[in-house]
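Input: a single structure, listed below in structure tokens.
All chains are named by letter (A, B, ...) in the order of the sequence lines, taking the proteins before the strands, and each is independently numbered beginning at 1.
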Number of protein chains: 2
Amino acid sequence: MQPSRRVTIVDVARHAGVSTTAVSKVMRNAYGASPEMQIKVRAAIEELGYRPSAAARGLRGQTYTIGVMLPEMRNPFFADILDGVTEHLGGTDYQVLMAACCNDEPGEIRITEAMIDRSMDGVILIAPISSRRHLQKVARTVPTVVVGRHGTSPDYDTVTDDDFAGAGLVVDHLVALGHRRIAHIEHAERNPVRLKEMPNAQRADGYRHAMQAHGLGEFIDIASTTYTQQGGYLGAQQLLARAQRPTAIFAGADIVAMGVLDALTEAGVSVPEDISVAGYDDTMFAAFGPISLTTVDQAGHQMGANAARLLLDRIAERNRPTAQIKLSPTLIPRRTTAPIS
Amino acid sequence: MQPSRRVTIVDVARHAGVSTTAVSKVMRNAYGASPEMQIKVRAAIEELGYRPSAAARGLRGQTYTIGVMLPEMRNPFFADILDGVTEHLGGTDYQVLMAACCNDEPGEIRITEAMIDRSMDGVILIAPISSRRHLQKVARTVPTVVVGRHGTSPDYDTVTDDDFAGAGLVVDHLVALGHRRIAHIEHAERNPVRLKEMPNAQRADGYRHAMQAHGLGEFIDIASTTYTQQGGYLGAQQLLARAQRPTAIFAGADIVAMGVLDALTEAGVSVPEDISVAGYDDTMFAAFGPISLTTVDQAGHQMGANAARLLLDRIAERNRPTAQIKLSPTLIPRRTTAPIS
DNA sequence: TGTGATGTGAGTAACGTTTTCCACGATGTT
DNA sequence: AACATCGTGGAAAACGTTACTCACATCACA
């Protein structure tokens with residue numbers, strides 16, 4: 001009943017009457033163990049309830065641990081990605097551990113370093129906001145896949161949604177419903193590199209491009225705030241104050257659309273009769289009956305599965321050229337968008 | 001530019017002209033290092049960019065890692081708890097790593113074992129559904145705090161919400177609004193131990209008790225499904241089929257209330273005019289304008305902070321008697337509940 | 001001038017794996 | 001018959017840190 005000493009590989013080896021090398025080989029399915037040896041060793045492992053120490057393993061070889069960094073936990077879209085990752089890794093020996101971040105660069109640096117310190121075999125960074133320099137540094141130390149950030153690198157693989165096209169889907173949808181004054185709420189971004197690489201910037205670009213393509217360049221109207229509920233609230237207030245109010249608002253993220261709905265309700269504007277509203281992400285709550293938000297599905301599950309696959313490939317072959325996977329989003333029309341009246 | 005060898009404690013020691021013991025002491029703020037030594041060593045650490053290997057540390061001492069097990073990622077209530085944990089641990093050297101679970105016992109076993117294998121210094125288990133036996137086993141191996149599960153143990157500390165009282169708050173609120181036919185949707189539970197320990201069971205008990213206390217015993221009406229959106233949908237359908245429809249539905253969780261709203265909308269019942277609806281958890285979406293769900297706030301942030309505190313205490317002193325912390329919930333009235341018409 | 005404390009620092013043996021050899025016998029090839 | 005090849009298994013050296021033990025000053029006190 002006392003805190004009994006941990007069962008080690010030495011105990012297993014002795015119990016099976018073989019060397020520790022043999023046990024190690026069996027544990028790792030490594031080459032050089034005969035079938036009889038495998039059976040003998042596995043039996044001993046079973047009987048003793050042996051579990052290898054990740055710490056000791058990490059000192060020499062792998063830790064069979066994959067780290068996933070999330071910018072936050074409240075956006076269910078990230079849960080979709082994670083599901084894809086864990087599902088793909090389900091059959092393997094790898095264990096996924098996550099760390100949620102504070103959405104700032106120092107926090108991201110702290111977390112990535114913590115993962116490196118813990119000798120993780122690979123990391124998946126979801127929508128990181130760190131400088132490109134930092135990402136490269138991480139990727140040169142540990143196999144890395146970056147999800148939800150555009151731009152290519154020789155050091156890490158990427159998986160992204162085609163945000164440019166996704167924004168186009170929304171504009172197309174609204175134009176087909178007869179809207180012309182279609183406004184957009186974006187996440188303000190100054191940094192020139194991020195301006196190219198972050199999804200929010202791509203969405204804004206896609207919006208502009210689609211508006212031009214429909215000959216609606218003169219109606220382009222962007223409120224620049226943040227991707228938060230508060231940002232949506234403020235953005236909608238700005239747009240309502242325009243001389244010519246928009247008939248449709250394309251919020252860059254579902255959570256932004258929630259703020260928009262709050263502001264519109266407060267202003268006595270009804271949705272979708274007076275103004276149509278669309279979001280982006282297809283987060284869980286977008287589907288709830290009372291909300292029923294038109295939005296864009298990013299196929300988070302597939303993004304996660306692809307990220308996991310790329311990471312395993314890279315762990316297996318460190319110097320493989322990097323890959324960029326871009327997935328196509330789909331429009332999910334619901335009840336917050338309607339034909340113009 | 002080549003994968004340069006990692007900087008170790010030996011490099012730091014040589015660079016500072018001291019022993020590795022000294023460096024180790026400084027890293028851990030351990031006793032026995034003079035101020036001059038501290039300065040000298042810290043300078044060397046800085047210059048060389050040294051970071052200790054958690055794997056090597058784990059082999060002898062601590063890993064400075066705390067594991068948090070979550071039953072799922074989509075319930076934002078868990079994010080609140082996590083915020084509390086990370087905030088409390090912010091100033092320390094500990095790093096929090098999470099693992100999301102599949103909400104079944106094999107999955108929980110896999111995750112807890114993975115955390116033990118990785119020599120984590122402590123674990124926080126949030127709303128675990130595993131057998132008590134397994135929890136005890138984990139707690140005897142590694143310092144453990146269990147959050148959101150009632151029942152005491154000599155091996156682990158607990159932090160819970162007073163679910164019994166919380167359910168009472170909801171019933172009180174509805175009774176004050178004039179309701180008498182107040183129905184409840186619970187998460188079905190057979191296992192006798194869990195029946196006592198799980199929050200859902202406590203909520204159902206609290207509901208029954210409060211109804212009795214108000215002299216409404218005859219109106220007690222429970223639909224037994226699951227704590228999911230689907231469960232709420234089915235539960236509401238059952239309740240609508242009663243000879244005497246309830247005038248208020250208390251769903252055991254916010255996500256259940258979402259399903260209830262779907263079913264009511266589908267049946268042409270308006271909320272709160274025809275039927276009032278209340279949830280539990282005060283999840284993020286409950287506050288969204290179009291939903292505006294009356295619910296109960298569990299003070300997740302405080303739960304997390306308390307759990308972290310207890311865990312640090314237990315890590316410091318392993319054989320301290322265990323503590324049970326119970327936090328009081330508060331009712332958040334919103335627009336889905338109204339006086340009976 | 002001894003005699004303990006006390007404070008500071010170093011040497012060294014773990015910790016539990018994996019990896020790199022090497023040895024040995026069996027098998028195939030000239 | 002000589003020689004290479006292959007399959008199997010073991011011995012022992014890492015890996016980077018911490019815990020334990022001990023040595024050596026310094027200082028206070030009788």
Lys/Arg N to Asp/Glu carboxylate O, A:Arg28 vs A:Asp93, below 4.0 Å
no
C:dT19, D:dT8, D:dT18: which one has an atom nearest the side-chain heavy atoms of B:Thr20?
D:dT18
A:Val18 has its side chain closest, among D:dG10, D:dG7, C:dT17, to D:dG10
Classify A:Met27 by what it touches in the nucleic acid, base, sugar-phosphate, or nothing, heavy-atom distance under 4.0 Å.
nothing
For B:Ile9 and A:Ala22, find the nucleotide of DNA chain D closest to each by heavy atoms; which residue's nucleotide sits nearer the 5' end?
A:Ala22
Please determine, for the side chain of A:Ala56, which listed nucleotide (C:dT8, C:dG16, D:dT17) has the closest atom?
C:dG16
Which nucleotide wins on minimum distance to the side chain of A:Lys25, given the candidates D:dG7, D:dT17, D:dG9?
D:dG9
Kindly point out which of D:dT18, D:dA12, D:dG16 is positioned nearest to the side chain of B:Ser24?
D:dT18
Less than 4.5 Å apart, any side-chain heavy atom of A:Ile66 and any of A:Gln95?
no
Does B:Lys40 or A:Ser53 map to a spot on DNA chain C nearer the 5' end, using the closest nucleotide for each?
B:Lys40
Is any side-chain nitrogen or oxygen of A:Tyr50 closer than 4.0 Å to OP1 or OP2 of C:dT17?
yes
Nucleotide of C:dG16, D:dG10, D:dA19 approaching B:Arg60 most closely (side-chain heavy atoms):
D:dA19
Counting side-chain heavy atoms from C-beta on, which of C:dT17, C:dG7, D:dT17 comes nearest to A:Val10?
C:dT17
Over all strands shown, is B:Arg28 touching base, sugar-phosphate only, or nothing at heavy-atom distances under 4.0 angstrom?
sugar-phosphate
Is there a side-chain contact between B:Val41 and B:Met37 in this structure, where contact means two heavy atoms from C-beta onward sitting under 4.5 Å apart?
yes
Between A:Val23 and B:Thr21, just flag the one whose closest nucleotide in DNA chain C comes earlier from the 5' side.
B:Thr21
Check the surroundings of atom CZ in A:Arg318: do more than 12 heavy atoms from other residues, nucleotides or ligands lie under 6.0 Å from it?
yes
